[in-house]
Amino acid sequence: MKEQSYRKLERVTNRSRFKGIYNQGVWRSSQHFTSVTCGNTQGVKRLGITVTKKTGKAVKRNRIKRLIREFFRLNKNLFPAEHDVVIMAKRNMPPRLTYQKACDELTELFTRKNNI
RNA sequence: GGAGAAGAUCAGAUGAUCGUCGGCAGAAUUUAUCUGCCGGAGGAAAGUCCGAGCUCCACAGGGCAGGAUGGUCGCUAACGGCGACUGGGGGGCUCACCGCUUUUCCGGUGACGGAAAAGGCAUGGUAAACCCCAUCCGGAGCAAGACCAAAUAGGAGAACGUUUAAGGGCUGCCCGCCUGAAGUUCUCGGGUAGUGUCGCUAGAGGCGGCAGGCAACUGCCGUCCCAGAUGAAUGAUCAUCGUUGCGUCGCGGGUAACCAAAACGCAAAACAGGACUCGGCUUAUGAUCUUCUCUUGUG
RNA sequence: GGGGUCGUAGUUAAGUUGGUUAUAACGCCGGCCUGUCACGCCGGAGGGCGUGGGUUCAAGUCCCAUCGGCCCGC
């Protein structure tokens, strides 16, 4: 499989799996994002993204999801192996989010988590 | 130059790298995976305010209730939409107001205007509220609906009923109809629920030409295929060009204030993302162009 | 995505042929009672129809647009 891909196999697509991650996972948060990490039995790193309607309208939500996906693709080494990670966007998201700022904040969030 | 109205067009472009959804072909060959090619959001995709197609409710029947519309003619699959023509747009009631009549005060040379009080419901006007009249409307909605896989199987309560049938469904009610020969219906609880399949995209379709019509629109011919996701696909980074604004410099123009080409640097680029599909309406919003109206300055 | 329902004082609500100054309870303020507080009694104030237009002499009510909250579905 290609290194920088993001296929359906690497996504969390089931509602019951989301609930399981919320119940058993470890919660971390930064200024604009919240992450939940939980081990899985599939042998791959998987990512789920949650952006609720309270964050904004459809254009804004799609953009946030694309930026988070891009961060996952290009920084897979920061994610723990055989774990499911859910990244949630908070309500105070700035209207014009650039990839550079999102990448910086998420990098800081995940490197801090690995140190603990 | 400024303000406003109406209409039309576009919604930055190209390339590279990484990545994504669908289709086709090949490798591999149960899936999974890899490679190549092609295609991949809007004028409003939005709000869900109207109208339809389509699907289910057995058929989609009659009356009442309820809802919607209200000048005429036409267009259309249909409409509350659109076009043209008209300049007012169905009929009625009155406790409110205006108007009407009388008196007083104020302003004015005056016509008259303003304010207050009373009279009267005999006369006029005004509502998208109420009554009547005409026309139209069965209900729900793709989470409609059909199939496969998986899973248990039968538990508790309530209502009604067992022979001139109850109950249920079709519409809120009635008639009528359908189902129903001993159970039926409702509620609660329990089990299962998938990277499932179809519906799912060729359509009242787009573009061009000709003809008819004042127009909305219609007919004929040619040509094109243009998203089908389901925790939900269009993105990120870089480069070049282009648009706009600002700053530096100032080829040039001008008596002057000033206007300014080329170059360089910086910044900006709106509203907004399909979710069964169309026709409208409404709302949000950037730029350019055309026509018209008002106003200011100069010649 | 589809359908429905609601928005009125600080809070919970009432408000229908459209027509006096938009109402009630709790809350708030002052007084009485008590050694003090609460309860109770008496009196009072304040401020509100989500927002913007329209119809009308007059709109919480009718019409249009818009914003926000809540509920339902195989």
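Convention: sequence-line order gives letters A, B, ...; per-chain numbering from 1.
- B/G286 and C/G60 have their P atoms separated by 35 Å, given to the nearest Å.
- Both distances falling under 3.5 Å, in either a Watson-Crick or a G-U wobble arrangement, occur for no nucleotide opposite B/A153.
- Under a hydrophobic clustering in which Ile, Leu, Val, Met, Phe, Trp and Tyr are joined whenever their side-chain heavy atoms come within less than 4.5 Å, directly or via other members, A/Leu67 and A/Val59 fall into different clusters.
- Between the P atoms of B/U94 and C/U21, the separation comes to 26 Å (whole Å).
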inquiry  = Each nucleotide in nucleotides 65-74 of chain C should get exactly one letter: B, S or -. Can you fill that in based on protein heavy atoms under 4.0 Å?
reply    = ----------
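- Considering OG1 of A/Thr50 and NZ of A/Lys65, their distance stands at 9.0 Å, rounded to 0.5 Å.
- On the C1' atoms, B/G39 is 12 Å away from B/U234, given to the nearest whole Å.
- Separating the P atom of C/C71 from that of B/C56 is a span of 34 Å, rounded to the nearest Å.
- Across the P atoms, B/C21 and B/G228 are found 14 Å apart, a figure rounded to whole Å.
- The partner of B/G74 is B/C82, by the rule that a Watson-Crick or G-U pair needs both atom distances under 3.5 Å.
- Taken from CD in A/Glu108 to CZ in A/Phe33, the straight-line distance is 12.0 Å, to the nearest 0.5 Å.
- Syn is the glycosidic conformation of B/G43, whose angle stays within 90° of 0.
- With contacts defined as side-chain heavy-atom distances shorter than 4.5 Å, the pair A/Lys101/A/His32 does not qualify.
- Nucleotide B/G138 is matched to B/C57 when pairs are restricted to Watson-Crick or G-U wobble geometry with both distances under 3.5 angstrom.
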message = Please encode protein proximity along nucleotides 230-240 of chain B as a string of B, S and -, counting only heavy-atom distances under 4.0 Å.
response = SBSSSBSS---
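- Side-chain contact between A/Asn40 and A/His83: absent, with no pair of heavy atoms (C-beta onward) separated by less than 4.5 Å.
- Taking the C1' atoms as reference points, B/C100 lies 50 Å from B/U296, given to the whole Å.
- The gap from the P atom of C/G2 to that of B/G141 amounts to 12 Å, rounded to the nearest Å.
- Two residues are said to be in side-chain contact when any heavy atoms from C-beta on lie closer than 4.5 Å; A/Thr107 and A/Leu78 meet this criterion.
- Taking atom CZ of A/Phe72 as the reference point, atom P of B/U20 lies 12 Å away to the nearest angstrom.
- Looking at A/Phe110 and A/Ile87, their side chains come closer than 4.5 Å, going by heavy atoms from C-beta outward.
- Annotation: side chain of A/Arg66 is not in contact with side chain of A/Phe71 (no heavy-atom distance under 4.5 Å).
- Proximity of A/Arg46 to A/Val85: side-chain heavy atoms (C-beta onward) are nowhere separated by under 4.5 Å.
- A/Leu74 CG to A/Cys103 SG: the interatomic distance, rounded to the nearest 0.5 Å, is 7.5 Å.
- Annotated as syn: B/A41, whose O4'-C1'-N torsion sits within 90° of 0.
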query = What is the per-nucleotide protein-contact pattern of nucleotides 43-49 of chain B, from the 5' end, where B denotes a base atom under 4.0 Å from a protein heavy atom, S denotes such proximity for sugar-phosphate atoms only, and - denotes neither?
reply = -------
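- Applying the Watson-Crick and G-U wobble criteria (two distances, each under 3.5 Å), B/G124 pairs with B/C98.
- Every residue two or more places apart in sequence or in another chain that forms a ring pair (Phe, Tyr, Trp, His ring centres under 6.0 Å) with A/Phe72 is listed here: A/Tyr6, A/Phe79.
- The gap from the C1' atom of B/C160 to that of C/C26 amounts to 47 Å, rounded to the nearest Å.
- Considering only heavy atoms from C-beta on, A/Asp84 comes within 4.5 Å of A/Arg17 through its side chain.
- Between A/Glu10 and A/Lys76 there is a salt bridge, with a side-chain nitrogen of the basic residue lying less than 4.0 Å from a carboxylate oxygen of the acidic one.
- Base orientation for B/C226: syn, the chi torsion being within 90° of 0.
- Atom-to-atom, CZ of A/Arg46 to P of B/U195 comes out at 11 Å; the value is rounded to the nearest Å.
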query = Reading nucleotides 1-7 of chain C from the 5' end, what letters show protein touch, with B for base, S for backbone sugar-phosphate only, - for no heavy atom under 4.0 Å?
reply = S------
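- Glycosidic conformation, B/U94: anti, with the torsion outside 90° of 0.
- The strand RNA chain C forms stems, runs of 3 or more Watson-Crick or G-U wobble pairs with distances below 3.5 Å, at C:2-7 with C:67-72, C:10-13 with C:23-26, C:28-32 with C:40-44, C:50-54 with C:62-66.
- The hydrophobic cluster containing A/Tyr22 also contains A/Val12, counting ILVMFWY residues as joined when their side-chain heavy atoms lie under 4.5 angstrom apart, directly or transitively.
- A heavy-atom distance below 4.5 Å is found between the side chains of A/Pro80 and A/Thr37.
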